[in-house]
Amino acid sequence: MSARDHSPRFDAGLLTRYDHAGPRYTSYPTAPHFHNGFGEAEYCANARASNEEPIPRPLSLYVHVPFCESPCFYCGCTRIITRDHSRADGYLERLHREIGLQGGLFDGDRRVQQLHFGGGTPNFLDAAQMAALLDVLDTSFTLARGDTRQFSIEVDPRHADAAAMARLAGLGFNRASFGVQDLDPRVQAAINRIQPLERTLDVVDGARAAGFRSLSVDLIYGLPLQTRDAFARTVEQVAAFRPDRIALYSYAHLPDVFKAQKQIRAEDLPSPADKLGLFGTALAALTGAGYRYIGMDHFALPGDELALAQDAGTLQRNFQGYSTHADCDLVGLGMSSIGRVGDAYAQNARDLFGYYAALDAGRLPIVKGLVTDDDDRLRGAIIQALMCMGTLDVAAFEARHGIAFATRFPDALARLAPLAADGLVVVAPGRIDVTPRGRLLLRPIAMCFDAWLDRPAARPRYSRVI
Amino acid sequence: MAKAVRAVAEGEGDEVTFCGTCAFAPVCLPNGYDKTALSELHCLIEHVGPFPPGHVVFRRGDAFDAVYAVRAGAVKTCVVDEQGREQVLGFYMPGELVGLSGIYPAHYPCDAIALDTLTVCRFSFPAMAMLATRLPGIQAQLFRLMSRDIGEAALLAGDFTADERLAAFLVRMSHGQAARGYSATRLHLAMTRTDIANYLRLAPETVSRVLRRFVDDALIVVDRREVTLAGLETLERMARPVLRDSA
């Protein structure tokens, strides 16, 4: 995308009109379509086949640590609340076993370029547990050395300090993301996450001193008791310490699905109009502070890799959001993790019982997945291009894939027409461009190309697009 | 061996297009043979397949009774020694003939295995040999194809670098495709890298390392199994020591 149309146009009326449920397209087809006809045998066959490409792709590992000491009331992640750190030992025993099994599937010259620890709270693990885990990863896979590798970890600043960040750097981590959500003490009390700014700043300074190269902060809008003025102050205070990236997530209140959310008083939640106002305020504050809107929930400083990759046309989207390295095969490790290897997606058991049972029997804990076909891959590539670059060079796409776009995707073009009439996209001969008005509505644009939307899903549940 | 799905004579249609690309085209196509000779020839040809990847076209030791022209897909030939170690002997792309090396001693000297979904033309050999005695054009073409097959086997036995071997591998595929009217620069590598490595007598990691260097030097562009030759002339120069003796 060119420099002129980086900033999205905020139009409350338009956003309200398009505020329907929709997938986030961290994969295509999306996870609710994974089915249990895909299991360990299919995964292993795909993993072995992936070794046999002329230049096999490098690897990206995702490691899920599901434990948290206390429940944040907004959270919809797969996690286990406990103060008993020994509970991690049983989990780590299985995780080590899984890493060994997975490592055996991939040829030794397939370097791990990207490693991401997510949760839960990865820093629930103590120094010794973390060191042992990295050691097992290093033994079972070929971890890349040097500056180009991206080893990242989600850190809860309430349980970290400068020394902890130095230890993580010593283990090879060079990026971190910090949960902040909101700095207003009233909001923090309402979401059960008391975290003074000083604490966060200590950990951020510690990370910088330890040599972390890319730092990210998570914020959430739509939380109980949030006001525009107070949230603007949160955004300004966070932007002031210049994290390389800021993720601005929307809170989806689904107390029937996520039990912890029952603790949030519905009357404390902002109205849909107020929520949109919070987003508009944050958007203005972030762009005013020099952050570039990358797409979906993500902002980055102009010199950050995400922004550079977007300029270079190499930005990708995967389960961790936007990425500069999605040409990797992604190996999901730990309870509930999702992987993408070759043409296949695979997901692990989402509960400890299933996860432990499979590994205790010496099997990979894969419970479902999906093998993409040619049509999935074409549509997935289109969705990638629109969500990452905001543009699709239709002529180049036709030449590369040997198809005629108009006859291949008449359904999608018909669905796109009203969006074009609303000025979200421009469909020109040979190209499709997302307009500044459309940049905040990437999901409905991408949905036009989703051939799976009308098919029944095992778990048809998406959050709203705003 | 599955039996004929249908005979050539039943429906030509786009087969004419395919046949124009086949190594046996000088034999099959109506290049001056009279109608009787041609219909005799077509009687010997069956279209067989499609077969799934891994399908065995013929096995080492089977009685030689046919040669096969690849119509769609790809075939590898290989031998397996007593220790179970496989040696890949060659790869056959659309339009190329598999099985000629069985003519003498009347048994196939290797296995032929489909690498992906495969359809072939099967030329019944005793009948063709008979026909060849009457139609000298066929005999000459058979000899030409056989000698090329023999040359192929000796190709990679020399003391060549990994770069030279990989360059030769890509250039030969390119030339082969170009000779049959396909793109000279866009290749689909249906075979595994283990097979490529085995064929070139290299380690699999070496195959990928050299290809990655070719990518860095802008000689090739690789998108999974699709390889575009951006620097064909440079690759031809690199391949020259290996390809010196071949056509």
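Model, not experiment: these values are computed from the prediction. Below, all heavy atoms of this structure are taken into account, side chains as well, without hydrogens, waters or symmetry copies.
Of the two parts of B:L211, the backbone and the side chain both hold a non-hydrogen atom closer than 4.5 Å to a non-hydrogen atom of chain A.
Heavy-atom neighbours of A:R379 CZ from other residues, nucleotides or ligands within 6.0 Å: above the threshold of 12. A 6.0 Å sphere centred on CZ of A:R377 holds more than 12 heavy atoms belonging to other residues, nucleotides or ligands. Open room surrounds CG on A:N36; 12 or fewer heavy atoms of other groups in view lie less than 6.0 Å from it. Other residues, nucleotides and ligands contribute over 12 non-hydrogen atoms within 6.0 Å of the CZ atom of A:R213.
The shortest distance between side-chain heavy atoms of B:D223 and A:R400 falls below 4.5 Å. Between A:P54 and B:S208, every side-chain heavy-atom pair lies at or beyond the 4.5 Å cut-off. Side-chain contact between B:R224 and A:D343: present, with at least one pair of heavy atoms (C-beta onward) separated by less than 4.5 Å. B:R225 has its side chain within reach of A:E52: a pair of non-hydrogen atoms, C-beta onward, lies under 4.5 Å apart.
Partners of B:F214 under the ring-ring contact (aromatic ring centres under 6.0 Å, His included) rule, at least two apart in sequence or in another chain, do not exist in this structure.
Contact check on A:D109 versus B:R209 returns no salt bridge, with no Lys/Arg side-chain nitrogen under 4.0 Å from an Asp/Glu carboxylate oxygen.
Within the model, atoms OG1 of B:T192 and CG of A:N51 stand 10.5 Å from one another, a figure rounded to the nearest 0.5 Å.
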